[in-house]
There are 2 protein chains.
Amino acid sequence: MLKRGRPQRDPSARSAADAGEDASPVGFRPLYRQVRDALIKRIVEGAWQPGELLPSEHELAATMNVSQGTMRKALGELERDNFVIRRQGKGTFVARHDEARILFQFFRVAPDEGDSEFPDSRIVSTATRLANDEDAVTLKMRPTSRVAVIERLRSIGNRPCIIERIILPCSLFPRIEKRRLPNNLYQLYRSDFGVTIVRAKEKLKAVLATSHDGQLLGMKAGAPLLSIDRVGLTAEGRPVERRVSMCRTDIFHYFAELK
Amino acid sequence: MLKRGRPQRDPSARSAADAGEDASPVGFRPLYRQVRDALIKRIVEGAWQPGELLPSEHELAATMNVSQGTMRKALGELERDNFVIRRQGKGTFVARHDEARILFQFFRVAPDEGDSEFPDSRIVSTATRLANDEDAVTLKMRPTSRVAVIERLRSIGNRPCIIERIILPCSLFPRIEKRRLPNNLYQLYRSDFGVTIVRAKEKLKAVLATSHDGQLLGMKAGAPLLSIDRVGLTAEGRPVERRVSMCRTDIFHYFAELK
DNA sequence: TAGTGGTCTAGACCACTTC
DNA sequence: AAGTGGTCTAGACCACTAG
């Protein structure tokens, strides 16, 4: 509950950690950001279940002692970051992170012909090892830390498509390599490790297939593959996952929208 | 000037063409969209020059007979679409389409090491021809229409980086192939042809270099290249440019942000 | 100090969904 | 008809910029 009763500003909140996407050098934290963060905290803690209907704008505004307009702006940011889904006439729902929606948010590979489906996954191997220099830099870890590495093959419509090597700090994801891993890892991160990835950055290159990768993908060594090096980030901008993918693009492609 | 005096809605505006990014099946056009479109029209017509300071929110709202809040929302969309730049304490400026900003909006290739610079361009060839099937589909043209084709080599820091083949409907860009072409084509489209590209869609694949492309890029035939097939769209969602790029990714990479 | 955009409020009405 | 999010207004104050 925000310590506010009136349109005055809460000075104690100004010094709050501000590592959000718009972190400004001098701390000024608008009320709607405080409201947003409070709501994120409650959602991640599980105060409402995925798919559950939230109280109305009016109600939420009343219980947090802010105006409807301010609550509206906070909910707008939550929708933008895919924490909630809003439907006129119906209400505001906690987003399910296992829906087709995520396909377009984090999975940017589609078949050249036919509809875009969500890919299957087959685990090839899991292990832990010391972080290498690249891991340490992208995940902002100490070089001596350990990481879990998950290798899996993803297929769309029974056609092998992508080899993923997923690198996770053991400190954030203890013993994840021993688990039975679902197709949608981001949902697992959130439900079992309290880590919510809301955005990611990717670097793409064209490379030639190694014999190992070629074999798994059903292509010859030396065939061109698309290499995708992704870092997954939390709402606070903290890097928590590195994912290196090799994608065959003879019958698939990567798509992007620039705006 | 919008025909409104009071909070009532303007029925004549409802039937207005709505091909915007959020086109809904049944026409309901919020006031701030009408305001936005009116402002876009004036900007494209050149009522204010690039870089020029616009009147304040209050003034604009008064002259268009809407509240400041509505004007604010319209200006917010203009900022999101990069028509204007807003600075607290300074004002709202018409965006220059030749600034570093556009580098991050439409140019997603950067050197692996060192800072991201804007690339030089060297025209390799220009010509016109009949649209092929792919052109006709992506640009929504009749198959018999003519297109202009511009081939150019782009370099970053004197290192060849990308070969671009730019395909434009002759109907929209008459005689463009005869012109002296600047580095920033999108600015030319806007100033000389009244066509403003606000967003684009790209399809990426890994391919092997042809001897022609390899030679221009200083690589061997058979080296892996990143192929980028882009469609440029106006604010109304109309496709107006196709651009097929071959990018060397041994020392450069393509970057994307997912959110 | 004046002017700008940014935030916040309070309250009204509209469009959409469900009963 | 009731309840939701979406739009719109009117007015206040705050933070930032510049003379």
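Residue numbering restarts at 1 for every chain, and letters A, B, ... go by the order of the sequence lines.
- The residue among Y32(A) and Q88(A) whose nearest nucleotide of DNA chain C is located toward the 5' end is Y32(A).
- Between L75(A) atom CG and dG6(D) atom P there is a gap of 9 Å when expressed in whole angstrom units.
- Under a cutoff of 6.0 Å and an axis angle of 45°, K203(A) and F255(B) do not form a cation-pi pair.
- Nucleotide dG19(D) is matched to nothing when pairs are restricted to Watson-Crick or G-U wobble geometry with both distances under 3.5 angstrom.
- Distance CZ (R29(A)) to P (dC8(C)): 11 Å, rounded to an integer number of Å.
- Within a 6.0 Å sphere centred on CZ of R179(B), heavy atoms belonging to other residues, nucleotides or ligands number more than 12.
- There is no side-chain donor-acceptor pair under 3.5 Å between Y254(B) and E202(A).
- Across all strands shown, R87(A) has heavy atoms under 4.0 Å from sugar-phosphate atoms exclusively, and none from any base.
- Between M71(B) atom CE and dG11(D) atom C1' there is a gap of 18 Å when expressed in whole angstrom units.
- Distances from the side chain of Q68(A) to the nucleotides dA12(D), dC8(D), dA12(C) place dA12(C) closest.
- If you check dT4(D), dT17(D), dC8(C) against the side chain of T70(A), the one that comes closest is dC8(C).
- A sub-4.0 Å separation between OP1 or OP2 of dG6(D) and a side-chain N or O of R72(A) is present.
- The nearest whole Å value for the distance from the CG atom in L53(A) to the C1' atom in dT4(D) is 9 Å.
- The CZ atom of R36(A) sits 15 Å away from the C1' atom of dT7(C) (whole-angstrom rounding).
- The side chain of K90(B) lies closest to dT17(D) when the candidates are dC8(D), dT17(D), dT4(C).
- Side-chain contact, S121(B) with N183(B): a donor N or O sits under 3.5 Å from an acceptor N or O.
- Ranking dG5(D), dG5(C), dT7(C) by closeness to the K73(A) side chain, first place goes to dT7(C).
- Look at CZ on F93(A): it is 12 Å from C1' on dG3(D), rounded to the nearest Å.
- Between L54(A) atom CG and dG3(D) atom P the separation is 18 Å, expressed in whole Å.
- When the P atom of dC14(C) is taken as reference, atom CZ of F28(B) falls 10 Å away, rounded to whole Å.
- With a 6.0 Å radius and a threshold of 12 heavy atoms from other residues, nucleotides or ligands, E45(A) has its CD atom above the threshold.
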